[in-house]
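These values consider heavy atoms only, across backbone and side chains, with no hydrogens, waters or symmetry-generated copies. Every number for a ligand or one of its atoms is a count from 1 in the order of the listing.
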Amino acid sequence: MNAANAAAFLALLCLAAASTLSSISSISSRAPHKLGDNFIWGAASAAYQIEGNTKGGGRGPSIWDKFFADGKHSVDGATGDPGTDSYHRYAEDIALLKSYGANAYRFSIAWPRIVPRGGRNSPVNREGIAYYNRLINEVIKQGMTPFVTIYHWDAPQALEDKYGSWLSETIVDDFEHYARILFTEFGDRVKHWITLNEPLTISAEAYVVGIFAPGHTDLTESYKVAKNQIMAHARTYHLYKTEFAAQKGVIGITLNGNWFEPAENTAHARENAQVMLDFQWGLYADPIYKTGNYPKSMQERNWEYLSWFTPQESEYILHTADFMGMNAYTSSAVYGNVSSNPSTGYTYSSFNFMNGTMVGGESNEGWLWDAPWGFEKLLVYLWETYHYPIYITENGFSVKDENKKPLNDLIQDWDRVNYHDGYLNAMLNAMQRGADIRSYFAWAITDNLEWASGYSSRFGITHVDFDTLVRTPKMSSQFLQQWFKWHW
Ligand code: GBH
C-alpha cells in the first residue's frame, strides 16, 4: 500500500468504526448477543480460484484447465493462472486475514496437486503435500484454525478422460483414496473437514446448465453425479470415523442454495417455494441429514431422471455428518404460476421484485441480490428441518462494477459492508430464534477467479490487482473486524 492509500485507508477505518456503531445501535434494541469464544469466523477461498501455478509443483491438469483452455468458457478467456498466485503468496494472505482479527481460514486442497492423475493406484505428489503442509502450518502459526475443503470442484482431468469423473461410481473409490492421504498427512493438525463444496452447483451448473466444467447439459447425468457425490461424501465420512477416529475432528459437507419466498399468499406459490427448497437443499440434505432418500416432491416429479438409492445405500448415507456446512448468498421470490419449471428445479423463476418492489440490492452478478431477510429465514428453516449444527462456510457479495473503479474508490466497498452487516444481523436473529450456528466465513479472503465470470467479478474483502498481484484491504475487512470485536 502506498502512502496516499494508507492515509485514505486510515480515514476509512474511522468511518467503518462509526458505521459499525450505528449498526450496533440498530440492533441494541434487541437482547444483546455474544457469540462466545468458540464461534469461528474467518474468510474462505478455493484452490483453483487462488493458487495459480497450475503447471508447477508437480500438479496434474484439472477439469477446469481443460474447460477454460479454449478461451470461450470464461469472461476474457480467464484461466486459473495467475489466480492470485497464492501458491507463492499464501503467507501474505494468511497474515492479512490474521490482521483482520479472524480466528479461522477456510481453504480447499487441489486433488490434482496431491494425486496428479487422480486414481487410487496413481502416484502421490510429495511436492503438493509439502505445499499444503506449509500452508496449514502457517495458519496454525498465526493462531488460526484451518478449515479444509477436500473438494472444491477441481477433479483431475485424467479421471474425466478415464471414466467421466463424477458420472461413474468408480470415483467413490478414487475419492476415498485421495481423502485417506489427506487425513494421514494433515489430520494431526486439521480438525475441521468438509468433504464436498456445493455439490448442487456441480450437478446443476456443470451437468444441466453447462457453464461449469465439464460443461454438460443432461438432467439424467446430473442425477447420476448427485448420487455419486453423496456416495463419495458418505464413504469419506465412514473412512474418517473408522480409520481416523483418534484424530477427533469433525467432518461435514457444504450445501448451497437460495431462500425461496412465496411471493403471493396462495397455496400454489407456497408449494412452489417448498419444491424449490427441496430441489436445491433437500436433494442432498434429505439423504444425508434426514431420511436417506430424496425429498418426496423430487421423487414424484423427477422419478424417471433420478439415480435411486438401494435400502442398504440409504442406510449407509443417512447421518453421515457432524454438521451442515451452508453457503447462501441470496433469495428468490416464487409465484404460483410457474409450476412448469420445478421439473428441472434448476430453472426456477428467480424474481427479485415482489408486488413491484425490489426485494434486494443489486450486485455485479445477475443471480446475487442483497436480501438479508431471506438469510434469516433460510437459517431457521435449515435448523428446524435438519437439526444439525450449521457452519456458515461462505457468504459474500460482488459489488456492481467494482472492477471499473479506481483503487481508492473501490476499497470503500460500502455495498459489501452493508451486505455483511445485514447478513450477520440476520444470523444473530436466527440464533436468537434457536438455530445452532457455529461459524461465519466471508467469501472471499481476496478477489480471485470467479469461475465463468473470470477476474471481472470481485468478491474479496481484500483487493487484488491482477497485473501486479498486490493486495490491498477493503473497508469490508475492517468492518468485519469491528463487528466481531463487538460480538465475540
Ligand atoms: C460459491 O458458488 C462458490 O463456492 C465459490 O467458489 C464462488 O466463488 C462463490 O460462491 C461466488 O460465486 O444460473 O446465473 O442463476 C456460488 C455458486 C453461482 C451457484 C451462481 C448458482 C447461479 C447462476 N452459485 N449460480 S445462474
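In this structure, the separation between CG on L255 and CG on N197 is 9.5 Å, given to the nearest 0.5 Å. Put simply, OH on Y329 and OH on Y423 are 10.5 Å apart, with the number rounded to the nearest 0.5 Å.
For ligand 1, the polar-atom distance check finds no N/O of W153 at less than 3.5 Å from any of the ligand's N/O atoms. Distances between N or O atoms of N448 and those of ligand 1 include no value under 3.5 Å. Geometrically, ligand 1 and E450 share a nitrogen or oxygen pair separated by less than 3.5 Å. No N or O atom of T201 sits closer than 3.5 Å to an N or O atom of ligand 1.
Listed by number with element, the atoms of ligand 1 under 4.0 Å from a non-hydrogen atom of N197 are 4 (O). Listed by number with element, the atoms of ligand 1 under 4.0 Å from a non-hydrogen atom of F459 are 11 (C), 12 (O).
For the pair R471 and D93, the salt-bridge criterion is met [side-chain N within less than 4.0 Å of a carboxylate O]. The existence of a salt bridge linking R416 and E402 is confirmed by a sub-4.0 Å separation between a basic side-chain nitrogen and an acidic carboxylate oxygen.
The option with the heavy atom closest to atom 10 (O) of ligand 1, from among Y329, W367, F397, is Y329.
Checked against the 6.0 Å centroid threshold, Y131 and Y90 count as a close aromatic pair.
Of the candidates F67, Y207, W166, H216 forms a ring-ring contact (aromatic ring centres under 6.0 Å, His included) with just one, namely Y207.
Not a single heavy atom of E365 sits under 4.0 Å from any atom of ligand 1.
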